4 protein chains.
Amino acid sequence: MDGSQVRHNGPGRTRASILGAARTVFAEKGYSGANVNEIVTLARTTKPMIYYHFGSKELLFAAVLEDVYAGMREYEQSLEVAGTPAADAMRRLVEVTFDYHAAHPDWIRLISIANIHRAKHIDGSPTLASRNAAVLEIVQRLLLRGAAEGVFRDGIDPLHLHLLIASFCFYRVSNRHTWKIIFKRDLADAADAIRQRDMAVDAVLRYLRPDNPPAN
Amino acid sequence: MDGSQVRHNGPGRTRASILGAARTVFAEKGYSGANVNEIVTLARTTKPMIYYHFGSKELLFAAVLEDVYAGMREYEQSLEVAGTPAADAMRRLVEVTFDYHAAHPDWIRLISIANIHRAKHIDGSPTLASRNAAVLEIVQRLLLRGAAEGVFRDGIDPLHLHLLIASFCFYRVSNRHTWKIIFKRDLADAADAIRQRDMAVDAVLRYLRPDNPPAN
Amino acid sequence: MDGSQVRHNGPGRTRASILGAARTVFAEKGYSGANVNEIVTLARTTKPMIYYHFGSKELLFAAVLEDVYAGMREYEQSLEVAGTPAADAMRRLVEVTFDYHAAHPDWIRLISIANIHRAKHIDGSPTLASRNAAVLEIVQRLLLRGAAEGVFRDGIDPLHLHLLIASFCFYRVSNRHTWKIIFKRDLADAADAIRQRDMAVDAVLRYLRPDNPPAN
Amino acid sequence: MDGSQVRHNGPGRTRASILGAARTVFAEKGYSGANVNEIVTLARTTKPMIYYHFGSKELLFAAVLEDVYAGMREYEQSLEVAGTPAADAMRRLVEVTFDYHAAHPDWIRLISIANIHRAKHIDGSPTLASRNAAVLEIVQRLLLRGAAEGVFRDGIDPLHLHLLIASFCFYRVSNRHTWKIIFKRDLADAADAIRQRDMAVDAVLRYLRPDNPPAN
DNA sequence: AATGAATGAGTTTTCATTCAT
DNA sequence: TATGAATGAAAACTCATTCAT
């Protein structure tokens, strides 16, 4: 009757829109709190499509998490800072990490939710298992470079350094709601956030600084 | 009128057992994932008792969270270390914080869950509102003492320092499941945990150390 | 507001009415074809009551089947025919079996349905496992008595004799619909049924008759 | 217009494979329990093919039943035993019937399922309506021949005799699952089956034997 | 303070069927 | 003929909450 047919989106279109909607809703409500109906409404499709494309609510959540971790690649690529002194590169790495977390609260919420469920939804994922966590190698190379330059101490475990950085950047976002109530200060406040960012850089660089720095 | 008397537990006994069971179940499954039936089964009582004592599932969860934060008092009291050099006291504070978090994963899970729900269940709680976060004062006093002793730098925001410490101690527990899958290392591994603990102390003390330490 | 309260039937009332409704609906539609909604409507209650009282649709069906087999007791009790010549007693046994099957088509349908599902719903039932099939003993005693009287042959397996009797009585009911279409005769036709009944008795007695009957 | 041609199976190939898969699945799960998806997966085709070739799930089931009854022809043809004494021929007829049922449990399950649904899926089928049930004529001729030979009684209704034979052969297969649980004996046990077969023959021949057999 | 049973609304999931290509 | 994707209706099941006692 009319040429403007709405049915049948392009291939993969429905799947993608479900994934996006699911990401939003899961991040907002948690796994159990999220509601399949709300997801399909937001995705402008129907419930069976979830089961057709993903198999179950659980597998849909797993797909969302894979998607979230795919985003980690993007973050990791932005970490590579070539050709600068190690200390500057490290400063940059902390700042980028800080900013990425600050800019992606959904990412953080979804990872928190995954942990509440003991990461069972990504356990056994071939995609994630085959991943080699690029951050660690970047950090590792940077540590070696800094040590060679004489600006970082030796023997730092890159995983532990990453833990120091990531925990700070993640927690200030993930736990800001309880902090606001308990400590009456909003960690997301812009002015304060800048000082937290400086602090993170400072803490990392001081931690790495050799006890007898080169006298140059 | 008839011999079949209903057994009463001691006063508050039912309430307490519901609270304990709820804590376990909410920590395990999250707010929405937790199920009122499971709670009463674990508490060896019946559903109406929840409504009698707490009013609703939401209010029960709020009560659990208050209970969790009451545990914070216990932690804070163990922080007070009198009569020692500031640096030693600070080392102690970090260690106690680290150990407390490591020993109370449920506490951490519940706080994560509260944050997923944007802390709405504790928002407006008179108990929590009236709380003056003792940690901050302890940290504050310690910072001043250390500055006076000349072993800490000036101008450190106690909230930020607490953030540095707490984020590390919290995150390594809260996010250990996803870390295990992504980085193939278990942050809870005993030997590694010791090194993380040393690192936390080290990072904090190096962060506080004055640039020109007193020549003593 | 009004004294005629309908809610809350007597204890066990809801359970019993669900069981009765389920029996009707399962017999009518088969296990998968039966619909939980229809059952609760017929039982004048609500869906959760099925899950509260029985646990699942499958367990409800299992309960129906147990109920069906409980009916077998009633049938078995009516088999005991004391103090008559063995041949007369056997005639009576066949007739009672015939009549019982003819009078309980639902019983037959439910057992057919159970067999379609390979009896998995009653497999492992403690009630049914502990049952000692009284028919077999009755038949056994009757065979011995007849042999002693010299009117039955020796060495008949009571289970096989019961198979001969039951198969005829069951099948003519269970398969009458396909027979009607294939052979254009209705096995349930009253006049014909009488002849079938006579035939069943006749076939059994002739089968049991000794080759050299006592010359009395 | 483009190289990506859809693979066509041979003519009727898809139809036949759907029919075969449907037979398997319906026999296994019953009409309602069977699932169109499972059928097409087993048939290695897609759902619309069912609707293209058969019109609906119900019509597909009807087609399966027609197919099942077509198998009856094969059975009936194997019944014709020429040129032997009537008693031997009858023995053979019972044995063939017994063996055919024993060898085709799916056939039996499908007929049971059809009866659960009151044979509505084959009601009105022109194919089946036009069928003249060959068994009955074979049995009829055999009875006449036996009577002429003086080895069978007169006046036996061939339909009733067929009922006696078929019920035994069908029921021992159709109801073996519940029998196994109730009577703790497996009617399909090979050694026992032989005795059941002998019994069937014996029961039929004794039923037919004249009261005053010819003294030959 | 306690219980067994009930309720209504909602949850995830399934299914036969059909559309566009 | 054949396919991948979509649909609408309904299926089984769950849940927080409340009633009558």
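Just so you know, these numbers come straight off a predicted model, no measurement behind them. Because only heavy atoms are used, hydrogens play no part in the values below, and waters and symmetry mates are left out as well, while side chains stay in.
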Would you say [X] places a side-chain N or O within less than 4.0 Å of OP1 or OP2 belonging to [N]?
X	N	value
Asn35(C)	dA10(F)	no
Lys57(D)	dA16(E)	yes
Thr46(C)	dG8(E)	no
His53(C)	dA6(E)	yes
Thr14(A)	dA6(F)	yes
Thr45(A)	dA6(F)	no

Rounded distance (Å) that lies between atom [atom2] of [N] and atom [atom1] of [X]:
X	N	atom1	atom2	result
Leu59(C)	dA12(F)	CG	C1'	13 Å
Arg13(C)	dG4(E)	CZ	C1'	17 Å
Asn37(A)	dA9(E)	CG	C1'	12 Å
Ile39(C)	dC13(F)	CD1	P	11 Å
Glu38(A)	dT11(E)	CD	C1'	13 Å
Arg44(B)	dG4(E)	CZ	P	13 Å
Ile50(B)	dC15(F)	CD1	P	13 Å
Phe61(B)	dT17(F)	CZ	C1'	19 Å

**Message:** Determine whether Leu42(B) and Glu38(B) satisfy the following criterion, side-chain contact (heavy atoms from CB on, under 4.5 Å), listing intermediate values before the conclusion.
**Reply:** CA-CA 6 Å; Leu42(B) 186 59; Glu38(B) 196 177 347; 5.7 Å; no

**Message:** I want to confirm an ordering. Mapping Arg15(B) and Gly55(A) to their closest nucleotides on DNA chain E, which one lands closer to the 5' end?
**Reply:**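 So the residue in question is Arg15(B).
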
**Asked** Which residue lies toward the 5' end of DNA chain E, Lys47(B) or Glu58(D), if each is placed at its nearest nucleotide?
**Response**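 This one resolves to Lys47(B).
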
**Request:** Report the base-pairing partner of dA20(F) (Watson-Crick or G-U wobble, both distances below 3.5 angstrom), or none.
**Result:**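 Checking every strand shown, dA20(F) finds its partner in dT3(E), with both distances under 3.5 Å.
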
Select one nucleotide: of [options], the one nearest the side-chain heavy atoms of [X].
X	options	answer
Met49(A)	dT7(F), dA10(F), dT14(F)	dT7(F)
Tyr52(C)	dA12(F), dA1(E), dA5(E)	dA5(E)
Pro48(A)	dA16(E), dT7(F), dT18(F)	dT7(F)
Tyr51(A)	dA6(F), dA6(E), dT14(E)	dT14(E)

**Asked** Between the main-chain N or O of His177(C) and the side-chain N or O of Arg118(D), is there a donor-acceptor pair closer than 3.5 Å?
**Response**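 Such a contact is absent between Arg118(D) side chain and His177(C) backbone.
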
**Prompt:** Does the Asp67(B) side chain pair with the main chain of Ala63(B), one donor and one acceptor, at a distance under 3.5 Å?
**Reply:**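 Here the side-chain-to-backbone pair does not exist.
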
**Request:** Please work out which of the three classes, parallel, tilted or perpendicular, describes the rings of Tyr69(C) and Trp107(C), given edges at 30° and 60°.
**Result:**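 Trp107(C) vs Tyr69(C) ring planes: tilted.
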
**Request:** Determine, step by step, whether Thr45(B) and Val40(B) satisfy the side-chain contact (heavy atoms from CB on, under 4.5 Å) criterion, reporting the C-alpha distance in whole Å, the side-chain angles of both residues, the deciding distance to 0.1 Å, and the verdict.
**Result:** CA-CA 5 Å; Thr45(B) 180; Val40(B) 298; 4.3 Å; yes

**Item:** Geometric cation-pi criterion, Lys29(B) with Tyr31(A): 6.0 Å, 45°
**Value:**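 That pair does not qualify as a cation-pi contact.
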
